[in-house]
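To start, the structure itself, in structure tokens.
Every chain is numbered from 1 and lettered A, B, ... according to where its sequence line falls, protein lines coming before strand lines.
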Amino acid sequence: MAFAPFLIPLTALLLSLALFGVFVSLAGADALAVYHSIYRGAFGTWFSWQNTLVSAAPLMLTALCTALPARLGLIVIGGEGAMVLGGLAAALTGLVLIDANAWLALTGMALAAMLAGGLLIGLVGWLRHSRNVNETISSLLFNYISIAILSFLVIGMLRDPETLNKPSTHHIGETHMLGALGETSIHWGFAYGVIACVILWLLYKRTTFGFAVDMIGGNVRAARLSGLSVGRNIFLVCLMGGAAAGLAGMVEVAAVHGRANTSLNAGYGYEGILIAFAARHHPLAIIPMAILFGGIRAASGLMQRDHDLPDATGLVLQGMIFILLLASEAVFARLALNKGFKA
Amino acid sequence: MKNPKLEMKQDCAIDQSRRGTLKSLAGLGLGTLAGSFGIGNAEAASKVTMGFLYVGPRDDYGYNQAHFEGKSAIAKQSWIKAVDQENVPETIAVQKAMESMINLDGAQVIFPTSFGYFDPHILKIAPKYPEVMFLHCGGLYDAKKHPKNVGSYFGYIDEAVYISGIVAGHTSKTGKLGYIAAIPIPQVLRNINNFTMAARSVNPKITVQVVFTGGWANPVKEAESANSLIDQGVDVLTCHVDSPKVVVETAEKRGVFSCGYHADQSKLAPKGFLTGAEWNWSKIYLDYATMIAKKQKIPNLIRGGFKEGLVKSSPYGKAVSAKAKAHADKVRAQFMKGNFVVYQGPIKDNTGKEVIPKGKGYSQTDIWLESMDWLVEGVVGKTKG
């Protein structure tokens, strides 16, 4: 059964595609033609692949914000807030370092963004551990607060007066923008995402820190009895998750907008939650999941244009994949038990 | 007085030969399956292909619907292929969507209709596709700074808002009007000021209370603001948000009057809807398509109001009196002739400061009006804090 870990999600994926076919047929479209559009829009050409990978880039980082604390048994949904604050911090740092050289400015922006996002989710972890505040609720509310802070500052004191009808901060300078990977149109955010997923996987898999995290996630009392500092580890894990989402905000500012404005609040954080769950909080599995969901994002436009389907069609497909992936896990676990497999 | 005239700077054209991309893409697909899929690029080759992008849903009863209606009107022409995409956020997603329309659908002209699509998104993609024209709704084109295959178009919708203000002024009994607006940017402030001055030209005692919701699509706050304004005695509501649906429906439910914006909302409020300021995009979209079909040069900047047919008023509702209609029609006729100046001094702002001295007038096309950061006397509200 070595293939089982791949076979099950693949079956779930095919099932959800079949179900989606029924759905679009009911909506009056030709299912086969819709499949073809999805393939063409997401993976059919190198151009489509680049679209997909660009869409996937921020999703990997925001997914980590949910996936990392999940190993501790915490359900954190504050990726959107961490990303927004990260972007804001990056833009501010970029403006402070506007005369510095590009490397220094970009490094400063990345660090500031990771710190801002990290502290936000770190606070969520601290509140959970020390004040027993439910982390899901607090991280959700922090999203609203972060978005409000962003709008307040970009409409108010940080606004570049030139940005008359779209309030934004001043531009960080074209020379300080994050470029594309080689000859492609894929920005560096994709590489950051992959690297972050791999590093954090190694951290969880190969270090005592990772072992400690799994132990706390498994049984807090046992972890405490073994002398692990639960509070410190919760804070650190949340800090790392928030830092990843914060970095996504920095990429949005440095690679796409050049400024901080309300476009930072584009839903990447919320979609990251979906991807973290679909990947079952496994840092490496986040990479293909983000590419799959990024592909659906990229193909959603073609589904609208070719078949007159509404924009929500892409969301329906995402939802079907998500539910069937999660359900398949439960179903398989039961099958495995019945047949006496050791899962 | 200077007539607000349609500006046309003709210094750029569209190359019609984008067929190479189409051909190279036509061969893609799932091998043998490809034949069964009826996605025809062949039929597109003889047509003018236009791509539209909206930031919100096509059926929002507002900004995006106005563009969708414009697109739908021209899509009926047999020689036009119009594709569109809704809910495209102002992120890299719009860059990718534009490129996808060019590469996969063979679009020759792209209409990214949201204000925030321009900088940096259009400015980044346009230089990569010099043979495609990018026409942005928002009037930001600057020949000195921007690529030649970029253009912009926009309507002086504040003229139509002025007409709404006249009707509102005639209809209100309490003398209190309400304006629910997204954020205090020049375009929004100009509409509020026009509405206020028009209403006060009917009855100088009228005040307009403004609430800024802080976002373009914030239905919960829009409903709360509408209710609280009505509780304060406001009896005509209007708004400047992406979708006026919530405001107009709330007004109707509470038994007060409303003026619409962006598109026609009369269906939502059969009793209390007075009139509204609407875009008339179908005209300009057809003009552009005709220019492309005839291989004419596309002007980089097109702006205009009633006179140029870029804006219109929604049909009057049942509650509008004959007197109000006569007054509104008279002013509209002046706009049509191009000899009505809204910003004719003396004009004070709502802190009592004189912003336009006596004898000084700013005609419609005056660039000074586009950096407006003040609210006119009679408006209850602040632009900051």
Side-chain angles (χ1 to χ4, degrees), chain A residues 30 32-37 39-41 44-45 47-48 50-52 54-55 57-58 147-148 151-152 155-156 161 163-168 171 177 185 187 189 252 255-259 261-268 297-308 310-312 314-315, chain B residues 24-25 28-30 33-34 36-39 51-54 56-59 83-97 99-101 103-105 107 114-121 124-125 128 138 140 183-188 212 214-216 370-373 384-385:
Chain A
D30 173 356
L32 281 180
V34 172
Y35 291 143
H36 182 237
S37 290
Y39 169 72
R40 209 159 70 96
T45 59
F47 166 77
S48 310
Q50 295 184 58
N51 274 3
T52 298
V54 164
S55 308
I147 295 163
S151 325
F152 173 74
I155 294 177
T163 57
L164 284 174
N165 286 319
K166 166 118 189 175
S168 312
H171 200 282
M177 293 288 285
S185 68
H187 58 64
E252 277 300 288
V256 182
H257 299 288
R259 314 166 182 271
N261 55 40
T262 47
S263 294
L264 278 172
N265 165 217
Y268 293 122
R297 257 191 189 231
S300 147
L302 208 57
M303 280 195 269
Q304 292 184 46
R305 275 142 46 203
D306 285 352
H307 308 285
D308 269 329
D311 161 67
L315 292 180
Chain B
S24 63
L25 286 163
L28 303 167
L30 290 165
L33 274 175
S36 63
F37 300 125
I39 309 157
F52 295 79
L53 302 110
Y54 324 116
R58 295 179 184 100
D59 52 354
V83 292
D84 64 349
Q85 212 172 311
E86 63 179 343
N87 287 325
V88 184
E90 291 168 352
T91 63
I92 200 159
V94 67
Q95 299 179 16
K96 294 298 166 193
E99 290 197 83
S100 178
M101 285 178 174
N103 287 328
L104 304 183
D105 297 329
S114 182
F115 192 86
Y117 288 161
F118 192 73
D119 186 6
H121 310 297
K124 184 151 181 210
I125 297 302
K128 272 173 84 177
L140 290 167
I183 46 177
I185 57 171
Q187 210 189 94
V188 173
F212 292 107
W216 292 105
E370 297 187 11
S371 54
M372 193 172 283
D373 60 353
K384 290 183 187 99

Seminar exercise, completed: Between the OG atom in A:S48 and the CG atom in B:L104, the distance rounded to the nearest 0.5 Å is 5.0 Å
Exercise. What distance do B:D119 atom CG and A:H171 atom NE2 have between them, rounded to the nearest 0.5 Å?
Worked result: 7.0 Å
Problem set entry | Under 3.5 Å: donor-acceptor pair, side chain of B:E86, backbone of A:P310 | no
Exercise. Is it true that A:R305 and B:D105 make a salt bridge, defined as a side-chain N closer than 4.0 Å to a carboxylate O?
Worked result: yes
Toward chain B, the part of [X] with a non-hydrogen atom under 4.5 Å:
{"X": "A:F152", "value": "neither"}
{"X": "A:H187", "value": "side chain"}
{"X": "A:A255", "value": "backbone"}

Taking every non-hydrogen atom, the tightest pair across [X] and [Y]:
{"X": "B:P120", "Y": "A:V256", "value": "CG-O, 3.3 Å"}
{"X": "A:N51", "Y": "B:K96", "value": "OD1-CD, 2.6 Å"}
{"X": "A:H257", "Y": "B:T91", "value": "CE1-CA, 3.9 Å"}

Exercise. Are any of the side-chain heavy atoms of B:R58 and A:Q304 separated by less than 4.5 Å?
Worked result: yes
Exercise. Is B:P57 close to A:D311 at the side-chain level, that is, under 4.5 Å between some pair of heavy atoms?
Worked result: no
Problem set entry | B:Q95, part contacting chain A, at a heavy-atom distance under 4.5 Å | side chain
Problem set entry | Structural part of B:I92 lying under 4.5 Å from a heavy atom of chain A | both
For this session: Please identify each residue that fulfils salt bridge (Lys or Arg N to Asp or Glu O under 4.0 Å) with B:E90, with sequence neighbours left out.
Result: A:K166
Exercise. So, B:K128 and A:S185: side-chain donor and acceptor under 3.5 Å apart, yes or no?
Worked result: no
